[in-house]
Amino acid sequence: MKLVRLRAPAGLENLELCEEEPPTPGPGELLVRIRASSLNAHDDMVVRGTIPGSDGRIPLSDGAGEVIAVGDGVDGLEITDSVVSTFWPYWLGGEMTPATKRVIPGENVDGYAREYVCMPAHFFTKAPAGYTHAEAATLTC
């Protein structure tokens with residue numbers, strides 16, 4: 001699969017197109033074929049180094065695609081479902097807390113600048129009915 005990694009030091013010139021094996025979902029995870037990503041100010045700040053990140057981070061906080069494999073224990077999402085990423089995947093309800101804001105894809109965990117992504121199921125939600133992948137990818141941030 002193709003993916004983009006941001007090499008240190010951050011900067012547009014340090015975005016590197018790579019080829020790696022697609023991941024396999026484990027328990028509680030989904031394998032999603034990313035069909036669209038959107039760019040936002042947050043992604044720009046990560047890539048330019050205004051928001052620091054790790055060497056080799058896969059950027060982009062917003063992605064949409066279809067589920068192609070489901071790990072054991074995943075309920076509510078199935079193969080062929082259209083899904084969209086969540087910006088704060090640990091904010092599952094209630095008040096926002098530091099714990100719910102601890103992970104942002106593309107910043108402190110790998111994001112969606114790749115063909116396939118394997119993440120815990122709660123990193124995604126069903127895309128709205130009738131939305132294209134490109135339209136759904138703009139909803140996250």
Side-chain angles (χ1 to χ4, degrees), residues 1-8 10-141:
M1 74 170 178
K2 290 184 168 93
L3 57 98
V4 174
R5 290 197 179 275
L6 178 60
R7 298 297 177 191
L12 292 173
E13 66 282 358
N14 288 330
L15 290 170
E16 177 184 13
L17 182 62
C18 304
E19 188 87 26
E20 295 181 8
E21 290 298 315
T24 302
E29 294 181 333
L30 297 175
L31 179 60
V32 175
R33 168 72 166 103
I34 298 296
R35 295 293 187 178
S37 293
S38 64
L39 298 172
N40 57 62
H42 177 266
D43 299 318
D44 183 62
M45 290 186 283
V46 169
V47 168
R48 293 178 188 275
T50 306
I51 297 174
S54 300
D55 181 45
R57 175 70 64 228
I58 300 171
L60 299 187
S61 59
D62 308 339
E66 74 264 1
V67 176
I68 61 170
V70 177
D72 290 339
V74 173
D75 293 319
L77 292 169
E78 300 174 356
I79 294 172
T80 72
D81 280 347
S82 290
V83 294
V84 61
S85 62
T86 57
F87 189 77
W88 284 302
Y90 288 94
W91 186 24
L92 304 178
E95 293 294 319
M96 177 67 76
T97 66
T100 61
K101 294 182 355 180
R102 71 184 183 270
V103 169
I104 298 174
E107 181 180 324
N108 48 20
V109 298
D110 287 336
Y112 299 100
R114 50 185 155 168
E115 290 182 294
Y116 297 92
V117 60
C118 190
M119 298 246 194
H122 63 87
F123 276 59
F124 297 95
T125 191
K126 285 187 179 180
Y131 277 55
T132 66
H133 295 301
E135 291 167 333
T138 67
L139 298 174
T140 304
C141 189

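Reckoned from all heavy atoms, side chains included, excluding hydrogens, waters and symmetry mates. Computed from a predicted structure; not experimentally measured.
No side-chain heavy atom of I58 sits less than 4.5 Å from a side-chain heavy atom of V4. Using a 4.5 Å heavy-atom threshold, the side chains of P128 and L139 count as touching. Taking the side chain as every heavy atom from C-beta outward, Y116 and V32 never approach each other to under 4.5 Å. Inter-residue side-chain proximity for C18 and L3 is flagged as met; some heavy-atom pair is nearer than 4.5 Å. Side-chain contact between W91 and T97 is absent, with no heavy atoms from C-beta onward closer than 4.5 Å. Contact of the S37 side chain with the L60 side chain is registered, since non-hydrogen atoms from C-beta on lie closer than 4.5 Å. Contact check for S61 versus E107: no side-chain heavy atoms found under the 4.5 Å cut-off. Put simply, the side chain of P105 reaches to within 4.5 Å of the side chain of F123, judged on heavy atoms.
None of R33, R35, K126 except one satisfies the salt bridge (Lys or Arg N to Asp or Glu O under 4.0 Å) rule with E66; the exception is R35. Put simply, the residue from R7, R5, K2, R57 that forms a salt bridge (Lys or Arg N to Asp or Glu O under 4.0 Å) with E16 is R7.
Scanning both residues, A137 and A64, for their nearest heavy atoms gives N-CB, 3.7 Å. Closest approach of V84 to A136, counting heavy atoms only: CG2-O, 3.0 Å. The nearest pair of heavy atoms linking S82 to H133 is OG-CE1, 3.6 Å. The nearest pair of heavy atoms linking I51 to H42 is CD1-CD2, 3.6 Å.
Annotation: ring pair (Phe, Tyr, Trp, His ring centres under 6.0 Å) contacts of H122 (sequence neighbours excluded): Y90.
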- Item | Worked check of side-chain contact (heavy atoms from CB on, under 4.5 Å) between L15 and V47 | CA-CA 8 Å; L15 290 170; V47 168; 4.0 Å; yes
- So V117 and F124, side-chain contact (heavy atoms from CB on, under 4.5 Å) or not? Walk me through it. CA-CA 11 Å; V117 60; F124 297 95; 3.7 Å; yes
- Task: Test side-chain contact (heavy atoms from CB on, under 4.5 Å) on V70 and L77 and set out the steps.
- Result: CA-CA 8 Å; V70 177; L77 292 169; 5.8 Å; no
- Message: Checking E29 against M119 for the side-chain contact (heavy atoms from CB on, under 4.5 Å) test, could you report, in this order, the C-alpha distance in whole Å, the side-chain angles of both residues, the deciding distance, and whether it holds?
- Response: CA-CA 5 Å; E29 294 181 333; M119 298 246 194; over 6 Å; no
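When atom types are taken as modelled, the side chain of N14 and the backbone of G11 share no donor-acceptor pair closer than 3.5 angstrom. Within the 3.5 Å criterion, the main-chain N or O of R102 finds a donor-acceptor partner in the side chain of N108. No donor-acceptor pair closer than 3.5 Å links the side chain of T140 to the backbone N or O of F87. With D81 contributing its side chain and V67 its backbone, the two residues share no donor-acceptor pair below 3.5 Å.
Here the CD1-CG distance, from I79 to L31, works out to 9.5 Å after rounding to the nearest 0.5 Å. The distance from atom CG of L6 to atom OG of S54, rounded to the nearest 0.5 Å, is 10.0 Å. K101 contributes atom NZ, which lies 8.0 Å from atom CD1 of I104 (distance to the nearest 0.5 angstrom).
Residue E19 places its CD atom among more than 12 non-hydrogen atoms of other residues, nucleotides or ligands, all under 6.0 Å distant.
Residues S38 and D62 have side chains that bring a donor and an acceptor to within less than 3.5 angstrom of each other.
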